[in-house]
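Heads up, the thing below is written out as structure tokens.
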Amino acid sequence: MRSRHIGNHTVLKSLPSVDELLKGPEGITWLSKYPRKIVLQAIREALSLNRQALRDGSVTVFSSDKLFSEITDNLQKLSAYSLVPVINATGIVIHTNLGRAALSEKMLHNIVASGKGYSNLEYDLATGKRGKRHIHTKRLLKQITGAEDTLIVNNNAAAVLVCLNTLAQGKEVIVSRSELVEIGGSFRIPDIMAASNAILREVGTTNKTHLFDYKRAINKNTGLILKVHQSNYLITGFTDEVPINELIILGKKNRIPVMYDLGSGCLLDLKSHGIYTEPSVRDIVKTGIDVVTFSGDKLLGGPQGGLIVGRKKYIQKIQKNPMARAMRIDKLTIAAFEATLMEYMDEERAQQTIPVLNMLLQNPEEIRKRAQRIASKLKKEIKNARIEIIKDTSRAGGGSLPNTDFPTYAVSIKPDTISVNELEKRFRSGSPPVVARIKGHSLLLDARTILKQDISGLISAVRFWLAEG
Ligand SMILES: *Cc1c(COP(=O)(O)O)cnc(C)c1O
């Protein structure tokens with residue numbers, strides 16, 4: 001090791017300059033591997049920390065070897081991506097913080113295929129004239145939902161905003177007090193209402209809203225009756241809400257459109273899976289509703305998007321709103337949606353090929369087998385933790401199916417030498433990072449959301465962390 005121990009002032013002066021470092025053998029190697037901007041930043045950051053440490057006396061010896069290794073670390077950090085794949089061991093399938101829906105190979109393939117070069121995004125190949133970007137998803141979406149017309153915008157928050165602005169700008173929108181929801185990431189119905197220039201007209205109470213509450217609120221400035229899915233909470237006990245078909249009759253009688261913000265929006269019939277609480281979008285459309293909005297990356301299992309389906313006269317009006325232009329989706333999203341929606345043409349295939357549906361509807365026995373496979377591999381390697389399989393429940397997440405428990409199996413790891421919080425932290429900071437959930441003194445790896453391709457990465461990561469003691 002090349003190091004010198006001399007007076008503070010002299011040591012400071014002995015720090016190499018950026019230029020000297022760049023011209024040295026190490027500098028030449030760095031420049032051959034990394035962009036010049038990153039090399040400069042890595043050197044400057046390391047030099048500045050060293051200068052600081054020498055100045056305040058926390059370090060008295062300057063070591064060039066140490067400086068070089070700090071610069072190398074900086075280079076790795078500065079050239080790494082910030083957005084990285086993560087192993088989701090939480091069991092929450094539609095985890096908003098972890099990117100909601102995982103996309104299938106087919107969806108990704110279509111994104112690459114249409115993103116690589118040019119496409120007929122807004123070009124009619126038959127006539128050679130300008131085409132419309134929305135036609136690529138319209139036919140499928142109409143067929144799947146039974147709606148007269150459809151439109152996709154940037155996300156469901158945008159969908160609600162543009163619908164309210166188009167249908168009720170300057171007018172009152174009647175909403176039950178039990179449905180003034182806040183979804184994570186600051187989507188709040190009253191705020192969206194204000195941003196759209198519509199006037200919120202709350203009716204009923206938190207637990208009960210009756211048809212007469214809606215009736216009484218109607219006046220000549222009423223623009224819309226809005227129903228909002230209570231996505232992420234439940235009101236139970238002494239409760240009452242007005243069924244959607246009664247609202248539709250009321251709306252028709254008074255010539256007021258009725259809209260339903262479904263939030264998640266399921267394109268499958270879940271009744272055959274024993275889930276009766278979430279009607280499909282098709283069922284909702286069948287009631288004769290005017291406009292329905294829902295997310296693309298919740299239960300649907302596609303990319304981020306806000307789907308608007310319903311009556312042609314309203315959808316066309318919404319599409320003409322300049323806001324809709326500002327919220328339009330890009331070609332990669334359209335490619336992902338078209339590939340996703342195509343899978344729904346065969347519901348049974350969709351359950352296999354769309355990762356969200358596959359993870360949610362998989363047989364608990366399959367989950368148990370996967371947990372078993374992970375656990376037995378871990379047991380062979382790890383001696384300083386108790387590893388077992390436990391039965392537990394997982395949730396859909398993303399405000400979807402809030403009252404449905406999905407039976408699952410998890411690998412429970414109870415470390416002997418470190419705390420469960422420390423273990424959880426190590427999992428998060430590894431490569432790949434693993435996000436798991438703590439239950440008591442154990443860390444649970446819920447096998448529901450651990451993808452096949454994640455297993456080997458997970459095993460080596462766990463082995464590495466526990467081996468550290
Ligand atoms: C999730 C949700 C939204 C927001 O949808 P994004 O696609 O996240 O913008 C709006 N309304 C309801 C009821 C929701 O559940």
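We use all heavy atoms of the structure for the numbers below, so side chains are in, but hydrogens, waters and symmetry mates are not. Since the structure is predicted, the reported quantities are computational estimates derived from the model, not experimental observations. Order of listing sets the numbers, starting from 1, for every ligand and every atom in it.
- Under a 3.5 Å cut-off, the side chain of Q169 and the backbone N or O of S196 do not form any donor-acceptor pair.
- Of all the heavy atoms of N156, the ones lying under 4.0 Å from any atom of ligand 1 are found in both the backbone and the side chain.
- For S264 (side chain) and L299 (main-chain N/O), a donor-acceptor pair under 3.5 Å exists by modelled atom type.
- Within the 3.5 Å criterion, the main-chain N or O of G305 finds no donor-acceptor partner in the side chain of N155.
- Counting only heavy atoms of the protein, atom 8 (O) of ligand 1 lies nearest to R100 NH2, 2.8 Å.
- When hydrogens are left out, the protein atom nearest atom 1 (C) of ligand 1 is K298 NZ, 1.4 Å; that is the closest non-hydrogen contact.
- Given atom 15 (O) of ligand 1, the protein heavy atom at minimum distance is S231 OG, 2.5 Å.
- V153 is not listed as a side-chain neighbour of R328, based on a closest heavy-atom distance of 4.5 Å or more.
- Residue contact check: H229 has heavy atoms under 4.0 Å from atoms 13 (C) of ligand 1.
- Not a single heavy atom of V160 lies less than 4.0 angstrom from ligand 1.
- Residue E365 qualifies as enclosed at atom CD: its count of foreign heavy atoms under 6.0 Å is above 12.
- Scanning the protein for heavy atoms near atom 11 (N) of ligand 1, the closest one is D261 OD2, 2.7 Å.
- Given atom 9 (O) of ligand 1, the protein heavy atom at minimum distance is A157 N, 2.9 Å.
- Side-chain N or O atoms of H95 include none that pairs as donor or acceptor with a backbone N or O of A396 at under 3.5 Å.
- By the 6.0 Å contact criterion, CD on Q453 is enclosed, its count of non-hydrogen atoms from other residues, nucleotides or ligands being greater than 12.
- Contact atoms of ligand 1 toward S295: 5 (O), 6 (P), 7 (O) (distance under 4.0 Å to a heavy atom of the residue).
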